[in-house]
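A quick write-up on the structure given underneath.
In what follows, every chain begins at residue 1, and chains take the letters A, B, ... in the order their sequences are listed.
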Amino acid sequence: MSTTRNRHSCNRLITPQVRRIGGFSMRIAVNDVTPETKRATIIGWVHEIRDLGGLAFLLIRDRTGIIQVTIPKKKISAEVLSVFKEISRESVVRIEGEVKEIEKAPGGRELIPSSIEIISKSESPLPLDVVEKVSAELDTRFDNRFLDVRRPRVSSVFKIRSCILHTVEDSLYKKGFTQITTSKIVGSATEGGTELFPIAYFEKEAFLNQSPQLYKQMMMAAGLEKVLEIGPIFRAEEHNTTKHLNEATSIDVEVSFADHFEVMKLLEDLIVEIYEEVAVSCTAELASLEINNLKIPVAPFPRLTYEEAIGIASGKLAEGANYGDDISTSAERAIGEEIGCHYFIVDWPTSIRPYYAMPYEDRPSVCKAFDLMHPRMELSSGAERVHDYDQLVHQIKEKGLNPDSFSYYLSAFRYGMPPHAGWGLGTERLVATMLGLQNVREAVLFPRDRHRLVP
RNA sequence: GCCCAGGUAGUGUAGCGGCCUAUCAUGUCUGCCUGUCACGCAGACGACUCGGAUUCGAAUUCCGACCUGGGCGCCA
C-alpha cells in the first residue's frame, strides 16, 4: 500500500468538526491541574452532575483522576449554560476555564468554565452505575465491561496487572532471559491430563495449546538457555469455580543448567520483586482498591514436602487425605490456613506429576516437582525436567501416552539437550491473590469460562 | 460433569398463593434550591426470564427450557 494514498485518504476522513475539537494538544490531565494552573483545558467523562439551582457542580474524570467543575449560573455565559443543560452522565466533554484555588473543592482546586463542548454524548440510562451508588453483579459487569472499567477501582486492577507483567519482563530481561512467543495452534496434546479445545485447521484437526511447556523445553535444545513466555493458555475443563478460567495468561519460564531449587529461588525472588514494585509504583491504584499496606512476602518461602502437606491436611480434615492423592480444594485451604503465607510444596509422588518431571535418582517414586502456593490457591507449578531421551520415552509410556505423537518434541532430546528446569505461573491468580479479588475472573478484562464467550 | 441456591423497573433489591394497581434504593424526567462532595426536597416514569400445568385466584406451587451465582470434581 502506498504511503501517499494512505495520507490522502486519511485527510479526507477529517471532518471540519473533528478539526475544531482537535485541540487535544491543549489538554491537561486532570491530576496535573493544580491551584497554580491558571487556565486549563480538560477532556474527560462526566462522572457526576450536582445541580443546586443557582450553582452546579460537574465531576470530570479521566485516566488520572477526578476534578470538580463549578458553574455559578448567574456569572456564566448563556452559551456555556445551554451546553451544560444538555450534558448527560458519562458523556465525553471538553471544558476550558479558569482554575481557582479553593479549599472546599476536592484537591483544593476547581475549574470555572469559559467554554464547554460535548464531544461524545452518552445515552441514558446507563447499563451499570459507574459511580457505584448501586453495585452490579459480575455478570452485568462483564456484559458491559467497558463501562465497568471506567470505575477507578476496576481500572486499578488492570493498571496493577500491567505493572506486574512489565516487572516480570523487565526483571527477567535484565537476568539474560529471551522472551519468546510460541504457537497457540497445535496438532496434538502436550501434556495429557487437561482437555483441549479442538479447532478446524483447513483439512486437519488442531487444538488450542494448553501450555507452552514443550516449546519452551525445545528452546533449551535450541541453546537459548533462559526463556520467558507470557501468553494465553487454553483449558477445556468444565469447571465452574472462582479460580479457574478456560483462557488464562501464563508466565512461563525455562532455564538450562538449573535444577528445581534454582528455579524455585528465581520464582520466589520474582514474586517478592513484583510485590515490591507494585507497592512502590501503584500507590494510587492500591489506594483506590482500599489496600492500605500491601503485605510483601518474604523470601525464602517455606518448603513443605508433599508428605508433610498431606500430613497437615489429614490432621485438619474430617475426610482425611492420603499419600498419592492430588491435593484437594479443602486440603489446599487447610494447609494454607496452617502456613499463612506463600509456600512451596516439593517432592511430589512421580505418579501424580507429568511425564517430564525428573524423579530423584535415589528415590524414583518421588520427583523434583514443586507447586508455589498462596494460602488461597495454587499459583505456579514447576519442576526439574527429564532431559535424557530414553528416560523421557520411558516415562511417556508409563503415563499411558504414545511417544509417536510426541516425535517432534522428542527429537529435541536426541542431539544435545541440556539439563533444565522451569515453571508456569498463572497471571490471573497472582493478581487475584495479591489484590484480594474474590473471583479470578475479575483479573481478566474479557473472561472466558464455561458459559461466557462474549464480549 | 455432579450438587446447592437463584432469575422481579436501566442497575441492586423486598415480596414467596388473595393484603400486589409489586417494596426500597439508585437512575431518568419535571419543578424548587448558590458550596455540593452518595447534595437535599416534591412529583412523575420504569419490572415479575420463557413455555406448559395446578388453582376460583400464581411474582409466589409443580414440570420443562434458557440464563446466573456458589460448592465439589477435574485442573494451573
Side-chain angles (χ1 to χ4, degrees), chain A residues 47-59 66-76 85 88-90 100 102-108 110 112 122-144 147-148 151 191-196 210-213 232-252 319 325-333 345 352-354 369-374 377-383 423-430 432-433 438-441 449-452:
Chain A
H47 194 65
E48 260 190 281
I49 304 167
R50 291 193 199 110
D51 191 344
L52 272 58
L55 185 68
F57 301 101
L58 286 174
L59 297 184
I66 292 174
I67 187 170
Q68 175 168 293
V69 174
T70 301
I71 300 166
K73 292 188 186 171
K74 282 177 185 162
K75 299 177 189 165
I76 224 86
K85 284 178 187 162
S88 57
R89 285 169 65 213
E90 294 305 319
K100 272 177 67 178
I102 183 156
E103 271 200 26
K104 334 183 221 199
E110 63 184 14
I112 312 294
S122 170
E123 292 179 21
S124 75
L126 297 162
L128 66 81
D129 181 14
V130 176
V131 184
E132 291 183 297
K133 284 180 188 173
V134 179
S135 58
E137 290 200 350
L138 263 189
D139 198 46
T140 308
R141 292 175 49 196
F142 290 141
D143 282 342
N144 304 95
L147 271 177
D148 186 43
R151 298 153 66 198
E191 299 180 36
T194 196
E195 293 293 316
L196 299 174
Q210 68 190 92
S211 157
Q213 179 65 27
I233 55 170
F234 304 91
R235 312 262 161 119
E237 299 290 342
E238 299 198 4
H239 31 48
N240 182 214
T241 75
T242 53
K243 61 180 185 181
H244 289 98
L245 295 162
N246 291 293
E247 179 180 6
T249 307
S250 180
I251 299 169
D252 262 276
E319 71 268 25
D325 293 347
D326 228 320
I327 294 187
S328 67
T329 307
S330 53
E332 203 172 87
R333 201 174 301 128
I345 300 176
I352 56 170
R353 299 298 288 208
F370 60 86
D371 278 1
L372 171 66
M373 309 295 296
H374 178 277
M377 66 181 93
E378 179 184 339
L379 296 182
S380 168
S381 68
W423 41 258
L425 170 65
T427 307
E428 289 78 15
R429 289 186 174 188
L430 179 62
T433 51
Q438 287 309 301
N439 192 318
V440 76
R441 284 168 245 207
D449 60 39
R450 178 69 186 82
H451 300 288
R452 180 173 286 278

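- Remark: A:Ile66 pairs with A:His47, A:Leu59, A:Arg61 by the side chain to side chain contact (heavy atoms under 4.5 Å, CB included) rule, at least two apart or across chains.
- Scored by the salt bridge (Lys or Arg N to Asp or Glu O under 4.0 Å) test, A:Lys73 finds A:Asp51 as partners (sequence neighbours excluded).
- Between the side chain of A:Arg429 and the backbone N or O of A:Lys243 there is at least one donor-acceptor pair closer than 3.5 Å.
- As a whole-Å value, the separation of A:Arg89 CZ from B:C29 C1' is 14 Å.
- For A:His244, the side-chain atoms get nearest to B:C74 when compared with the rest of B:G12, B:G1, B:C74.
- The interatomic distance linking A:Lys74 (NZ) with B:C33 (C1') rounds to 11 Å, in whole Å.
- Nucleotides B:C45 and B:U23 place their P atoms 11 Å apart, quoted to the nearest Å.
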Practice problem: Apply side chain to side chain contact (heavy atoms under 4.5 Å, CB included) to A:Val131 and A:Arg89, showing your working. | Solution: CA-CA 10 Å; A:Val131 184; A:Arg89 285 169 65 213; 3.6 Å; yes
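- Heavy-atom distances to RNA chain B give each of A:Leu126 and A:Pro72 a nearest nucleotide, and the one nearer the 5′ end belongs to A:Leu126.
- A gap of 14 Å separates the P atoms of B:U49 and B:U13, to the nearest Å.
- When heavy atoms are screened at a 4.0 angstrom cut-off, A:Lys73 is found touching no nucleic acid atom at all.
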Give me, pair by pair, the N or O atoms of the protein and of nucleotides 36-38 of chain B that are less than 3.5 Å apart, along with how far apart they are.
unit_1	atom_1	unit_2	atom_2	d
B:U36	O2	A:Arg50	NH1	3.2
B:U36	N3	A:Gln68	OE1	2.7
B:U36	O4	A:Gln68	OE1	3.1
B:U36	O4	A:Gln68	NE2	3.0
B:U36	O4	A:Lys104	O	3.1
B:C37	O4'	A:Arg50	NH1	3.0
B:C37	O2'	A:Arg50	NH2	3.4
B:C37	N3	A:Lys104	O	3.2
B:C37	N4	A:Lys104	O	3.1

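- Rounded to a whole angstrom, the distance from the P atom of B:C50 to that of B:U60 is 10 Å.
- Ion pair A:Asp129/A:Arg151 not flagged as a salt bridge, since none of the NZ, NE, NH1 or NH2 atoms sits closer than 4.0 Å to an Asp/Glu carboxylate oxygen.
- No donor-acceptor pair closer than 3.5 Å links the side chain of A:Asp371 to the backbone N or O of A:Met373.
- A distance of about 16 Å separates the C1' atoms of B:G46 and B:U30, rounded to the whole Å.
- As rounded to the nearest Å, B:A22 and B:U8 have C1' atoms that lie 8 Å from one another.
- The separation between A:Arg151 atom CZ and B:U26 atom C1' is 14 Å, rounded to whole Å.
- When the C1' atom is compared between B:U68 and B:U61, the two are found 23 Å apart, to the nearest whole Å.
- Remark: A:Asp143 engages A:Arg452 in a salt bridge, criterion side-chain N to carboxylate O under 4.0 Å.
- For the P atom pair drawn from B:C48 and B:C41, the interatomic distance equals 29 Å after rounding to whole Å.
- Checking each of A:Asn240, A:Thr241, A:Thr242, A:Asn246 against A:His244 for a side chain to side chain donor-acceptor pair (under 3.5 Å) leaves exactly one that passes, namely A:Thr241.
- Under the rule for a side chain to side chain contact (heavy atoms under 4.5 Å, CB included), the partners of A:Ser88 that lie at least two apart in sequence or sit in another chain are A:Ser91, A:Lys121, A:Ser122.
- Taking A:Asp326 as the reference, nothing meets the salt bridge (Lys or Arg N to Asp or Glu O under 4.0 Å) condition, with sequence neighbours excluded.
- Counting any heavy atom pair closer than 4.0 Å across all strands shown, A:Ala248 reaches a base atom.
- In plain terms, the two heavy atoms of A:Ala369 and A:Ala383 that are nearest each other are CA-CB, 3.7 Å.
- Annotation: side chain to side chain contact (heavy atoms under 4.5 Å, CB included) contacts of A:Glu247 (sequence neighbours excluded): A:Pro232, A:Phe234, A:Arg448.
- Separating the CZ atom of A:Arg235 from the P atom of B:G1 is a distance of 20 Å, rounded to the nearest angstrom.
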Quiz item: How is the base pairing of RNA chain B summarised as a dot-bracket string, given the Watson-Crick and G-U wobble criteria with both distances under 3.5 Å, [ ] for crossing and | for another strand?
Solution: (((((((..(((.....[.....)))((((((.......))))))...(((((..]....))))))))))))....
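- Across all strands, A:Leu425 comes closer than 4.0 Å to no nucleic acid atom at all (heavy-atom distances).
- A:Arg333 pairs by the salt bridge (Lys or Arg N to Asp or Glu O under 4.0 Å) definition with nothing, not counting sequence neighbours.
- Partners of A:His374 according to the ring pair (Phe, Tyr, Trp, His ring centres under 6.0 Å) rule, which considers only residues two or more places apart in sequence or in another chain, are A:His342.
- Using modelled atom types, no side-chain atom of A:Arg235 and backbone atom of A:Leu245 make a donor-acceptor pair closer than 3.5 Å.
- Taking atom CD of residue A:Glu247 and atom C1' of nucleotide B:C75, one finds them 16 Å apart after rounding to whole Å.
- Here A:Arg141 does not reach the OP1 or OP2 of B:U11: none of its side-chain N or O atoms lies under 4.0 Å away.
- One can place CG of A:Asp148 at 14 Å from P of B:U11, the figure rounded to the nearest angstrom.
- Distance noted for atom C1' between B:G57 and B:G1: 41 Å (whole Å).
- Where A:Arg429 and A:Leu128 each meet RNA chain B at their nearest nucleotide, the meeting point lying more 5' is that of A:Leu128.
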For nucleotides 65-72 of chain B, give me every protein contact, N/O to N/O, under 3.5 Å, one pair per line with atom names.
unit_1	atom_1	unit_2	atom_2	d
B:G70	OP1	A:Asn439	ND2	2.9
B:G70	N7	A:Asn240	OD1	3.4
B:G70	O6	A:Asn240	OD1	3.4
B:C72	OP1	A:Arg333	NH2	2.8

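- The interatomic distance linking A:Leu55 (CG) with B:U34 (P) rounds to 8 Å, in whole Å.
- Atom CG of A:Asp371 is separated from atom P of B:C75 by 12 Å (rounded to the nearest Å).
- For A:Glu110, there are no salt bridge (Lys or Arg N to Asp or Glu O under 4.0 Å) partners, not counting sequence neighbours.
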Strictly under 3.5 Å: I want the nitrogen or oxygen pairs between protein and nucleotides 41-46 of chain B, one per line.
none

